[in-house]
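All remarks here apply to the structure that follows.
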Amino acid sequence: MKKAMVIVNPASGKEEALDYVEEIQSILDDKGYDVVISQTEKELDATRYCEDACKNEFDLVVSLGGDGTLHETINGMVDQAHRPLLGIVPLGTVNDFARALQLPLDPKEAVQSLRSDRSKKVDIGKFNERYFVNIVAIGSIAEATYEVTAEQKSKFGPLAYVMEGFKTLSSKEGYPLRIENEEKAWEGECFLFLAALTNSTAGFEKLSPQAKVNDGLLHCYIIKNVSMIRLASIVTAILKGELKNQEDVEYFTAQHLDIHSENELITNVDGEEGDPLPVSIEVKPSHIDVIVN
């Protein structure tokens, strides 16, 4: 019999995650799976559960929770000798990866999508020794966004990230950055650097509209040290999906990046605080298989 593990974060979805377990169990039973339910209690539980599922050659792992639960689950799957099919029931505020895959954001609809026999191979990003599915950002706005509280996200949704980021604009500072990829190097003063795997970031689906979940590329944006007036125009362009066309923005694609700075800079990885520079980033093309409608 096929084996499935459902990784549940009981605190997700306003603590409604457990309400969906019975229906998921029924659907997977109907599809011929022997189902194991694993509830998270602390940080990295989802990673450990997923590692166990890989080692025991489970056929399916379902992430039932927000972006944090999904991020941990995927970190337990990447680079394993056996990688199960991944199902996603998004219960978070933003759910960027689900948006990028055009999965249902309504939990009830997402549960029903587990009936699908279709799947899609998607890229995963490697950031030093951890993994990400959406974006790496470097700069003062990037540092501000991981300070967004759960209460802010619940109240304002994706706008919470923008609101927190805008607080940094009045004290805008550039910083020296050196970015090397497989073809060239860029060095100069930078206000914000973004490396996106998908088109959806912080709930906005137009940051990098050309990015596909399986194109094998990092879509990179160097936002240079510009005036406050130009910066406001660039922020508007981000929301409109026109960032790459701005004169003070350098856009390129890459498969591998090495990033350095003379300054002490912290990174933002899928909305969470990442390692300080220097860092290495690369794409693992079509690395995991996800259920889609």
Side-chain angles (χ1 to χ4, degrees), residues 2-28 31 33 35-56 58-80 82-116 118-125 130-134 153 197-198 200 203 213 269-272 284 287-293:
K2 297 184 295 182
K3 296 185 292 184
M5 177 182 289
V6 181
I7 298 175
V8 186
N9 180 352
S12 292
K14 299 179 180 178
E15 300 187 352
E16 296 175 353
L18 294 175
D19 296 344
Y20 302 103
V21 170
E22 185 176 348
E23 180 67 14
I24 292 173
Q25 172 102 44
S26 176
I27 289 171
L28 298 183
K31 291 182 70 67
Y33 287 101
V35 182
V36 173
I37 307 297
S38 300
Q39 289 189 41
T40 63
E41 296 179 355
K42 58 187 181 298
E43 188 177 3
L44 298 181
D45 274 355
T47 298
R48 286 187 282 267
Y49 291 147
C50 190
E51 288 173 347
D52 287 343
C54 293
K55 290 173 184 174
N56 290 290
F58 275 59
D59 301 279
L60 170 68
V61 168
V62 176
S63 172
L64 175 57
D67 282 340
T69 306
L70 178 62
H71 183 87
E72 285 194 10
T73 300
I74 288 174
N75 267 267
M77 184 179 295
V78 178
D79 279 344
Q80 297 288 343
H82 171 79
R83 295 188 289 277
L85 181 65
L86 176 65
I88 301 171
V89 179
L91 296 178
T93 305
V94 180
N95 304 309
D96 275 319
F97 196 52
R99 289 175 188 271
L101 284 165
Q102 299 182 324
L103 297 176
L105 300 181
D106 178 85
K108 293 180 181 178
E109 292 181 25
V111 167
Q112 295 304 315
S113 73
L114 296 176
R115 299 183 185 277
S116 173
R118 295 184 61 237
S119 65
K120 176 180 284 191
K121 291 189 178 298
V122 301
D123 301 338
I124 296 298
R130 64 192 281 190
Y131 302 92
F132 67 99
V133 294
N134 288 306
K153 287 191 285 186
L197 269 181
T198 72
S200 181
V213 294
V269 182
D270 282 350
E272 303 293 333
K284 302 184 79 66
H287 194 68
I288 62 172
D289 213 5
V290 183
I291 295 175
V292 296
N293 286 337

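Computed over heavy atoms, backbone and side chain alike; hydrogens, waters and symmetry mates excluded.
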Indicate yes or no for a side-chain donor-acceptor contact from Tyr49 to the backbone of Thr73 under 3.5 Å, with no hydrogens or angles considered.
no
Would one find more than 12 heavy atoms of other residues, nucleotides or ligands at under 6.0 Å from atom NZ of Lys2?
yes
Checking Thr47 against Asn75: is there a side-chain donor and acceptor pair closer than 3.5 Å?
no
If you count every heavy atom of other residues, nucleotides or ligands that lies below 6.0 Å from Gln102 atom CD, does the total exceed 12?
no
Under 3.5 Å, side chain of His71 to main-chain N/O of Phe132, donor-acceptor pair present?
no
Going through the checks in order, is the side chain to side chain contact (heavy atoms under 4.5 Å, CB included) test met by Tyr131 and Lys284?
CA-CA 10 Å; Tyr131 302 92; Lys284 302 184 79 66; 3.9 Å; yes
Apply side chain to side chain contact (heavy atoms under 4.5 Å, CB included) to residues Glu16 and Leu91 and explain how you reach the verdict.
CA-CA 9 Å; Glu16 296 175 353; Leu91 296 178; over 6 Å; no
Are side-chain heavy atoms of Asp67 and Asn95 found at a separation under 4.5 Å?
yes
Test your reading of the model: is there a side-chain donor-acceptor pair from Asn56 to the backbone of Phe58, 3.5 Å cut-off?
no
Is it true that Glu23 and Arg115 have a side-chain N and a carboxylate O under 4.0 angstrom from each other?
yes
Atom pair OG1/CG of Thr198 and Asp270 - distance to nearest 0.5 Å:
8.0 Å
Below 4.5 Å, heavy atoms only, C-beta onward: do Ser119 and Leu85 meet side chain to side chain?
yes
Report the C-alpha separation of Lys31 and Leu114 in whole Å, then their side-chain angles, then the decisive distance to 0.1 Å, and conclude whether the side chain to side chain contact (heavy atoms under 4.5 Å, CB included) test is met.
CA-CA 9 Å; Lys31 291 182 70 67; Leu114 296 176; 5.9 Å; no
salt_bridge(Asp45, Lys42) N-O dist < 4.0 Å:
yes
Determine whether Ile88 and Ile291 make a side-chain contact, defined as any pair of heavy atoms from C-beta on separated by less than 4.5 Å.
no
Just so I know, are the side chains of Cys50 and Ile7 near enough to count as touching, which here means a heavy-atom distance under 4.5 Å?
yes
Check step by step if side chain to side chain contact (heavy atoms under 4.5 Å, CB included) holds for Val133 and Ile124.
CA-CA 5 Å; Val133 294; Ile124 296 298; 3.7 Å; yes
Does Glu72 reach the main-chain N or O of Leu44 with its side chain, forming a donor-acceptor pair under 3.5 Å?
yes
